[in-house]
A.B. asks: 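Questions regarding the structure given below will be posed in turn.
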Amino acid sequence: MAPKSDNTEAIVLNFVNEQNRPLNTQNAADALQKFNLKKTAVQKALDSLADSGKITFKEYGKQKIYIARQDQFEIPNNEELAQMKEDNANLQEQLQEKKKTITEVESEIKSLQSNLTLEEIQEKDTKLRKEVKEMEDKLIKLREGITLVRPEDKKAVEDMYADKINQWRKRKRMFRDIWDTVTENFPRDIKEFKEELGIEYDEDVGLSFQAYSDLIQHGKKRGRGQ
């Protein structure tokens, strides 16, 4: 429910005096919506206050600009203005110090939140001590010459490796047989033909079948030595 006309004028007058700056009807209506005042009611109150001399106004074309009467305010003298400026500067300095303090406190809070709790530190310490002990035990065994890989595991890996080498050897031989048959009496340059087909020998990609094959013999000799 909208306020009565006399209450509306009181609300509008209080607002104009508080703002103490040039206002048009739309400015006042937007700000006074919280009092359930319509624009027409605000316009009427402004005109009534202006007619009664409680506020002043100026016309700019079809628009009226309203402002509070300045004779109702105490105007500070030069000394008072200087003091106000000094007070304002001090307040601004205090404000900056408070902002700096707040920033430091917030940074400290974030730092504390990112730190581990005592319980988490203890859990992490226990885990790290266990890992260090396991690594120390392995290191002692290595220094004593103890093989950490079980014989059956080692044999399984060696057998698998040997099988892969045999497969490599068979496929290498099969390719050579087919390639020699295809390129026998071939009229074109064999190297260009190979590059055209995208074929690469082991040597082309830095592989040495013999080097990988020798690893098997090396492993057997080392095994006998152990």
A.B. asks: Kindly write out the residues that satisfy side chain to side chain contact (heavy atoms under 4.5 Å, CB included) with Glu152, not counting sequence neighbours, or none if the list is empty.
C.D. replies: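 Scan of Glu152 (side chain to side chain contact (heavy atoms under 4.5 Å, CB included), adjacent residues dropped) gives Arg150.
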A.B. asks: Please walk me through it: do Val12 and Leu49 pass side-chain contact (heavy atoms from CB on, under 4.5 Å)?
C.D. replies: CA-CA 9 Å; Val12 173; Leu49 291 169; 3.9 Å; yes
A.B. asks: Can a donor-acceptor pair be found, under 3.5 Å and without considering hydrogens, that links the side chain of Gln70 to the backbone of Ala68?
C.D. replies: yes
A.B. asks: Under 4.5 Å between side-chain heavy atoms, chaining through other members, with only Ile, Leu, Val, Met, Phe, Trp and Tyr counted: pull out the rest of the cluster around Ile65, sorted by chain and number.
C.D. replies: Tyr60
A.B. asks: What pairs with Lys124 under salt bridge (charged side-chain N to carboxylate O under 4.0 Å, His left out), at least two apart in sequence or on another chain?
C.D. replies: none
A.B. asks: Treat each ILVMFWY residue as a node, draw an edge where side-chain heavy atoms are under 4.5 Å apart, and state whether Val105 and Leu95 are in one component.
C.D. replies: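 Different hydrophobic clusters.
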A.B. asks: Could you measure the distance from the NZ atom of Lys130 to the CG atom of Leu128? Nearest 0.5 Å is fine.
C.D. replies: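 The CG atom of Leu128 is 12.0 Å from NZ of Lys130, to the nearest 0.5 Å.
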A.B. asks: Are more than 12 heavy atoms from other residues, nucleotides or ligands located less than 6.0 Å from atom CG of Asn78?
C.D. replies: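 Counting other residues, nucleotides and ligands, CG of Asn78 stays at 12 neighbours or fewer.
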A.B. asks: Taking the side chain as everything from C-beta on, heavy atoms only, tell me whether Arg169 gets closer than 4.5 Å to Ser213.
C.D. replies: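 Answer yes - side chains close enough.
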A.B. asks: Listing request: all salt bridge (charged side-chain N to carboxylate O under 4.0 Å, His left out) pairs with a residue in residues 55-67, at least two apart in sequence or in separate chains.
C.D. replies: Asp47-Lys64
A.B. asks: Nearest 0.5 Å, please: how far is OH in Tyr66 from CG in Leu13?
C.D. replies: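 It comes to 13.5 Å.
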A.B. asks: Start with the C-alpha gap between Ile67 and Gln19, add the side-chain angles, then the distance that decides, and say whether side-chain contact (heavy atoms from CB on, under 4.5 Å) holds.
C.D. replies: CA-CA 9 Å; Ile67 191 168; Gln19 295 296 307; over 6 Å; no
A.B. asks: Nearest 0.5 Å, what's the CD-CG distance between Glu192 and Leu197?
C.D. replies: 12.0 Å
A.B. asks: List in chain and number order the residues that pass salt bridge (charged side-chain N to carboxylate O under 4.0 Å, His left out) with Lys194, two or more places apart in sequence or in another chain; answer none if no residue qualifies.
C.D. replies: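 If we apply the salt bridge (charged side-chain N to carboxylate O under 4.0 Å, His left out) test to Lys194, skipping adjacent residues, the hits are Asp204.
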A.B. asks: Please enumerate all residues that pass salt bridge (charged side-chain N to carboxylate O under 4.0 Å, His left out) together with Lys133, with sequence neighbours excluded.
C.D. replies: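 In terms of salt bridge (charged side-chain N to carboxylate O under 4.0 Å, His left out), with neighbours along the sequence ignored, Lys133 is linked to Asp137.
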A.B. asks: Should Leu32 and Thr8 be marked as a side-chain contact (heavy atoms from CB on, under 4.5 Å) after you check the CA-CA gap, both sets of side-chain angles, and the distance that decides it?
C.D. replies: CA-CA 10 Å; Leu32 297 174; Thr8 299; over 6 Å; no
A.B. asks: Any non-hydrogen side-chain atom of Asp214 less than 4.5 Å from a side-chain atom of Gln210?
C.D. replies: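 Sidechains of Gln210 and Asp214: in contact.
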A.B. asks: Please name the pair of heavy atoms, one in Ala28 and one in Val42, separated by the smallest distance, quoted to 0.1 Å.
C.D. replies: CB-CG1, 3.7 Å
A.B. asks: Which pairs, with at least one residue in residues 165-191 and sequence neighbours excluded, count as a ring-ring contact (aromatic ring centres under 6.0 Å, His included)?
C.D. replies: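 Listed by first then second residue: Trp168-Phe209, Trp168-Tyr212, Phe175-Trp179, Trp179-Phe193, Phe186-Phe193.
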A.B. asks: Can you pull out every salt bridge (charged side-chain N to carboxylate O under 4.0 Å, His left out) where at least one residue sits in residues 170-191? Sequence neighbours excluded, please.
C.D. replies: Lys172-Asp202, Arg188-Glu196
A.B. asks: Under the rule for salt bridge (charged side-chain N to carboxylate O under 4.0 Å, His left out), what residues qualify as partners of Asp125, not counting sequence neighbours?
C.D. replies: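 For Asp125, the residues satisfying salt bridge (charged side-chain N to carboxylate O under 4.0 Å, His left out) (neighbours in sequence not counted) are Arg129.
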A.B. asks: Quick one: does any side-chain atom of Asn166 pair with a main-chain N or O of Ala162 as donor and acceptor, under 3.5 Å?
C.D. replies: yes
A.B. asks: At what distance, to the nearest 0.5 angstrom, does CG of Leu46 lie from CZ of Phe15?
C.D. replies: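 Leu46 CG to Phe15 CZ: 9.0 Å, rounded to 0.5 Å.
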A.B. asks: Go through the structure and list residues passing side chain to side chain contact (heavy atoms under 4.5 Å, CB included) with Val132, not counting sequence neighbours.
C.D. replies: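 If we apply the side chain to side chain contact (heavy atoms under 4.5 Å, CB included) test to Val132, skipping adjacent residues, the hits are Glu136.
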A.B. asks: Could you note down all residue pairs passing salt bridge (charged side-chain N to carboxylate O under 4.0 Å, His left out) where residues 94-122 supplies at least one of them, sequence neighbours left out?
C.D. replies: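 Qualifying pairs, neighbours excluded: none.
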A.B. asks: Once rounded to the nearest 0.5 Å, what's the spacing between atom CD of Gln94 and atom CG of Asp87?
C.D. replies: 9.5 Å
A.B. asks: In chain order, what residues pass the side-chain hydrogen bond (donor to acceptor under 3.5 Å, both in side chains) check against Gln26, with sequence neighbours excluded?
C.D. replies: Asp30, Lys39
A.B. asks: Could you check whether any side-chain N or O of Asp163 sits under 3.5 Å from a backbone N or O of Asp159, counting only pairs where one atom can act as donor and the other as acceptor?
C.D. replies: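 It does not hold such a pair.
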A.B. asks: Return the NZ to CG distance between Lys85 and Leu81, rounded to the nearest 0.5 Å.
C.D. replies: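 The CG atom of Leu81 is 6.5 Å from NZ of Lys85, to the nearest 0.5 Å.
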